[in-house]
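Because only heavy atoms are used, hydrogens play no part in the values below, and waters and symmetry mates are left out as well, while side chains stay in. Just so you know, ligand 1 is whichever comes first in the structure, and atom 1 is the first atom listed for that ligand. Please read these numbers as outputs of a predicted model, since none were measured by experiment.
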Amino acid sequence: MEKHEFDVVVVGKGNAALCAALSAAEAGVKVAVLEAANEDEHGGNSRFAGGVMRFAYGSVGDLRRVTDISDEEAAGSDFGTNTREEFLDVLYRLTSYRTDPDLSEILVNQSLDTMAWLRSKGARFVLNAGRQSAMVGGKRKYFGNMPIEVSGGGAGLVQYLDAAVKKAGIEVYYDTRATALLYDGERVSGVRAQRKGKAAEFHAKAVVLASGGFEANPEMRARYLGPGWELAKVRGTRFNVGDGLKMALEIGAAPYGNWSGCHATGWDRYAPEFGDVNVGDQFQKHSYIFGLLINADGRRFVDEGWDFHSFTYAQYGGEVLKQPGQFAWQVFDSKVKQLLRSEYRIKFVTKVTASTLEELAPQLEGVNADHFLETVRAFNAAVKQDVAFDHTIKDGKCTVGITPAKSNWAQKLDTPPYEAYATTCGITFTFGGLRIDKDSGQVLNVHFHPIPGLYCAGEMVGGLFYFNYPSGTGLVSGAVFGRLAGASAAQAAK
Ligand SMILES: Cc1cc2nc3c(=O)[nH]c(=O)nc-3n(C[C@H](O)[C@H](O)[C@H](O)COP(=O)(O)OP(=O)(O)OC[C@H]3O[C@@H](n4cnc5c(N)ncnc54)[C@H](O)[C@@H]3O)c2cc1C
């Protein structure tokens, strides 16, 4: 059997794994990265990510640690803030106060330094003007507390980190699926793997698991998330099948967090089973806040305008999955057409248009047309007329007397032509993970004792997200905990 010897072995090759590998290599130890995918499909969900990144900042000076911003740009922009307090508040609010206080504090407190560290490794960041900004009062206002994205999206990030990994002399093994931990009952000393279909062993003084959740495994989805979840489309990689979680649980690691919860969004109804790197995140449809979400029964089922999409989109995919037939149509009129995000204009899109609602209704495949028309009439009658529509703030333009209410951006659906987009549920990643020691990223066992030689990062860290998630947190969390786990693993290996 093939055998290899390293100081630190990192399982996975997404953002968290690459950060762990780079961080370990900084300490001068010999590092290997094992990637289950081949070179074409490498990079995990990180490669599919849109690339927005949420980190704590309070001033333009903070943002300038991450990207260049000219004086002219600074003067012409309203970047808002995302202070540590604001970032923590949103994590607490969206997780119904369940997020682990220690882990979320580390995520928030380390987020800006980690962005600067990524930059030092060659990652390039740019202002996120395209997706989350608008001109207001002569200034470009960024909303959602997230004015920066990585250049080239998640694929760009993986490319930058890849280049840094090569430069650092880290060895990457593709087509190498870790299948079990080498564990003698006391410490982890490597992994067993299948490399290009053959058995192999990678011995190491420490192992960092960063192999994602179980989102691409329909059996585990049905088992942990519940019946029906096997029917979700997978937004990203097909390789995150829960291997790392299973291997760790097998040797007594402690499961932690929201094992029946996940991040899932509205996604084109006829998108392929797994993500397509050429389309990236563009099967998503995040502008529902400006329209109506209609199910097979012709009814609305969520408050489309509860908050900016950044704070509802990760939860509403699951709401779509619960509807009969697991689909929902997003319906808009021409008043908001210019506000729809770029993903509504891609080539592969399930869309119908009509010049009257009566003509639109029968085109909404699978929908009770009479109920749909009734729903729109009731909605239009309920829209509060004396509040002005303003898409750059939560405008309070709501409905009155209908259930569910629409809390913001409620405008009558009355201006043709009408457009509707068919969506289903696309799962992004699962929330359940492992319990780690907050200061080192070391995995704890079921009795909360550290498992010598075992660390984890990224989607595999449990306890951060419950029920919901603020957009842009996955990549930053992967980088923060990847960097931490890598540094600790290197320390342990010395
Ligand atoms: C469509 C989409 C859009 C997104 N947009 C954003 C965004 O804009 N901003 C943001 O912050 N987050 C976004 N996310 C979420 C973000 O991508 C993830 O949270 C993050 O990338 C997870 O990083 P990770 O390193 O933990 O996992 P991944 O990047 O998924 O990496 C896991 C790695 O493990 C490998 N692997 C799995 N099993 C094994 C095994 N047994 N042996 C070896 N290797 C294995 C996989 O092949 C992969 O390389 C998005 C996700 C998707 C799918």
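- Ionic pairing of R238 and E41 is present here: one or more N-O contacts between side-chain nitrogen and carboxylate oxygen are shorter than 4.0 angstrom.
- A distance limit of 4.0 angstrom between heavy atoms and ligand 1 selects the residues V11, G12, K13, G14, N15, A16, L34, E35, A36, G43, G44, N45, S46, F48, A49, G50, G51, V52, T176, R177, A178, A210, S211, G212, R235, G236, F239, N240, D243, D281, T428, F429, G458, E459, Y469, G472, T473, G474, L475.
- Between Y288 and T312, the side chains place a donor N or O and an acceptor N or O closer than 3.5 Å (distance only, hydrogens not considered).
- Ion pair D281/R235 not flagged as a salt bridge, since none of the NZ, NE, NH1 or NH2 atoms sits closer than 4.0 Å to an Asp/Glu carboxylate oxygen.
- The environment of E250 atom CD is sparse: at most 12 non-hydrogen atoms of other residues, nucleotides or ligands sit within 6.0 angstrom.
- Taking each heavy atom of Y466 and G463 in turn, the nearest pair found is CE1-O, 3.3 Å.
- The environment of E273 atom CD is sparse: at most 12 non-hydrogen atoms of other residues, nucleotides or ligands sit within 6.0 angstrom.
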